[in-house]
Engineer: 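Mind looking over this structure? Questions follow.
Side-chain atoms are counted along with the backbone in the values below, which use heavy atoms only and exclude waters and symmetry mates. Here the structure is a predicted model, which means the values were calculated and not measured.
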Amino acid sequence: MDAAKVAGCFKDRTILITGSTGFLGKLLVEKILRVQPGVKKLYLLVRATDDAAAEQRVLHEIIGKEVFSILREKHGADFQSFVKEKISPLAGDMRHENLGLESTRAKQLFEEIDIVVNGAAITNFYERYDVALASNTFGTVHVCKFAKKCSHLKLFLHVSTAYVAGKQEGRILEKPLQMGQTLKKARCIDIEAELGLANEVKAKLVKSSSSTDTSHQQLEKVAMKELGLKRAKYFGWPNVYALTKAMGEMLLGTMRGDLPVVIIRPSIVISTFQDPFPGWIEGIRTMDVMIAASHEQKLPCFIGGPILDSIPGDMVVNATMVAMATHYDCAGTQVVYHVTSALQNPLSCNLLEESVTTRETTFVYAYALINPRVRDDKRIIQYKRPLLFSRYAYLNAYMVLTYKTRLQVLYLANCLLLCGRFTEYHKKLNKSLNYLMFMAKLYTPYVFFKGCFDDTNLRKLWGTTGARHGDGYAFNFDPNCINWRMYLFNTHIPAVLKEAAHMKKERNA
């Protein structure tokens, strides 16, 4: 399917999109508007008190972002009128029936919508269990129910994650998840029971103290986060995000009926490769945490595994749009796509490991040499290379011997000899080290993931485009065209550091 046919699929279509304020959501909205200005309408569901507030969110959190600069330049003075004509913000909430929309508005949409794209999700690995269930699991149910009421609907596309596979090993096929199936023998997920458990734990916590008690609210927050992590590990998933997304897929599979469904499962999504321009990113995660912290000299050590399955955000969106065009108006469709890179063009963690431990190689270390950090007095900050460990246990042992023992000595000396002079320093250092260990533990399942995502369906989809190595193709999602060394050094690392600086500035504002 050539680029013209893909773009043509969206002409005169009305599309409902959830999750448009997210990284992939913004890229999808921008791409549709850029390649097909003839799209009829994009309804963007956002949480807001009313449509006016929803419009302000869309203008500020979506249209006002840098990712729309190419489109803004293309339309010039007509940009705002173009956006107003094509985009219709909806004040709603996927956590509620009919997406929280007023009944008259919902009925109107039931007659208009051709495609539903469910991209909304709580992506925090350490989220409250009740919050993650409401959005990632039962939010998917509500969007599916809404889609089934749309009389002219031709496709339901659900954005998931490849890591719904949990802690599997070996080749993981592009297949729908089976209801209740877990990765632990003799254990089966009862999704309604999980919701009941979360509500029961929450009710007990609420009953034990006043809801206005700040300390109690914090206790409830931590308890619900710990519950999510505990349940995820009990069933064989690395975190609450992966577990609740998996449960959302299970429910989607059982209730879709004849609804044509495409599920997109990307691996770790990173900055754009080329579209609309290289290096656009929002937020930092996984290897980006290491890159940013290493550059800021806040990372004495971390973990590094063999392969880190990563895929640029624009390739995820391109694969999504080609899949939508391919399966549009195909009744009964249920297909899964792993939008991943490790099987065809793996990103070796050794590249990143070398970049922060070896003087002869490039990336973070070389980038720091070429673009050194400078103090206020113009003096260059000497870059110190952190240590990377091939196992979490090695990292933990190193931290105990090198830092925790030192902290204990400092604590005793502070109490017995220094009259508490370094109490605040001790607390700050201990907090930093605890955070580092927590982050390492949270990311360990991804860094040392032992599975490999089969991408047979994705390769077949790429084959329909007739493109070779992505050269010049407007919807490139071929991971083979990525030169990881060039991309990391020239595009991704600068993008991550820019985003990290921006986030730091916002925190300090």
Engineer: Please list, chain by chain and in numerical order, all residues satisfying side chain to side chain donor-acceptor pair (under 3.5 Å) with Y234, sequence neighbours excluded.
Structural biologist: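 For Y234 there are no side chain to side chain donor-acceptor pair (under 3.5 Å) partners, ignoring immediate neighbours.
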Engineer: How about M315 and I482: do any of their side-chain heavy atoms sit closer than 4.5 Å?
Structural biologist: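 M315 vs I482: side chains touch.
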Engineer: Do the non-hydrogen side-chain atoms of I15 and F10 ever get within less than 4.5 Å of each other?
Structural biologist: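 A side-chain contact exists here, since the closest heavy-atom pair is under 4.5 Å.
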Engineer: Write out all pairs satisfying side chain to side chain donor-acceptor pair (under 3.5 Å) with one or both partners inside residues 169-180, taking only residues at least two apart or from two chains.
Structural biologist: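 The answer is R171-D454.
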Engineer: Do E192 and F138 have side-chain heavy atoms sitting under 4.5 Å apart?
Structural biologist: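 E192 reaches F138 side chain to side chain.
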Engineer: Please report the interatomic distance CD1(I291) to CD(E499), rounded to the nearest 0.5 Å.
Structural biologist: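 Reported value, rounded in 0.5 Å steps: 13.0 Å.
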Engineer: Report yes or no: is the cationic atom of K148 (NZ for Lys, CZ for Arg) closer than 6.0 Å to the six-membered ring centre of F156, at no more than 45° off its axis?
Structural biologist: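 Judged by the rule (NZ or CZ under 6.0 Å from the ring centre, within 45° of its axis), K148 is not positioned above F156.
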Engineer: Among K221, K202, R231, find the residue that satisfies the salt bridge (Lys or Arg N to Asp or Glu O under 4.0 Å) test when tested with D130.
Structural biologist: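 The passing option is K202.
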Engineer: Less than 4.5 Å apart, side chain to side chain, heavy atoms only: is that true for V262 and L155?
Structural biologist: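 The answer is yes; the side chains approach within 4.5 Å.
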Engineer: So which atom in V240 and which in N124 form the shortest heavy-atom distance, rounded to 0.1 Å?
Structural biologist: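 Smallest interatomic distance, heavy atoms only, reads CG1-O, 4.0 Å.
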Engineer: Kindly indicate whether the side chain of N318, heavy atoms from C-beta on, has any atom under 4.5 Å from the side chain of Y473.
Structural biologist: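 No, too far: nothing below the 4.5 Å cut-off.
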Engineer: So, K233 versus N239: side-chain donor-acceptor pair below 3.5 Å or not?
Structural biologist: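 The criterion, which ignores hydrogens and geometry beyond distance, is not satisfied for N239 and K233.
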Engineer: With a 3.5 Å cut-off and no angle check, do the side chains of S160 and E249 form a donor-acceptor pair?
Structural biologist: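 Checked: S160/E249 side chains pair up, N/O donor to acceptor below 3.5 Å.
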Engineer: Indicate whether the side chain of D314 and that of Q274 have a donor and an acceptor atom separated by less than 3.5 Å.
Structural biologist: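 Looking only at side-chain atoms, Q274 and D314 do not form any donor-acceptor pair under 3.5 Å.
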Engineer: Is the shortest side-chain heavy-atom distance between K31 and M321 below 4.5 Å?
Structural biologist: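 When only atoms from C-beta onward are counted, M321 and K31 do touch, with a gap below 4.5 Å.
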Engineer: Taking C-beta and beyond as the side chain, do L229 and F125 meet within less than 4.5 Å on heavy atoms?
Structural biologist: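 Not touching, per the 4.5 Å side-chain cut-off.
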Engineer: OG/S88 to OH/Y43 distance, rounded to the nearest 0.5 angstrom?
Structural biologist: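 Going from the OG atom of S88 to the OH atom of Y43 covers 5.0 Å.
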Engineer: Given 3.5 Å as the limit, does a donor-acceptor pair link the side chain of T272 with the main chain of W280, or not?
Structural biologist: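 The answer is yes, because a donor-acceptor pair under 3.5 Å joins these two groups.
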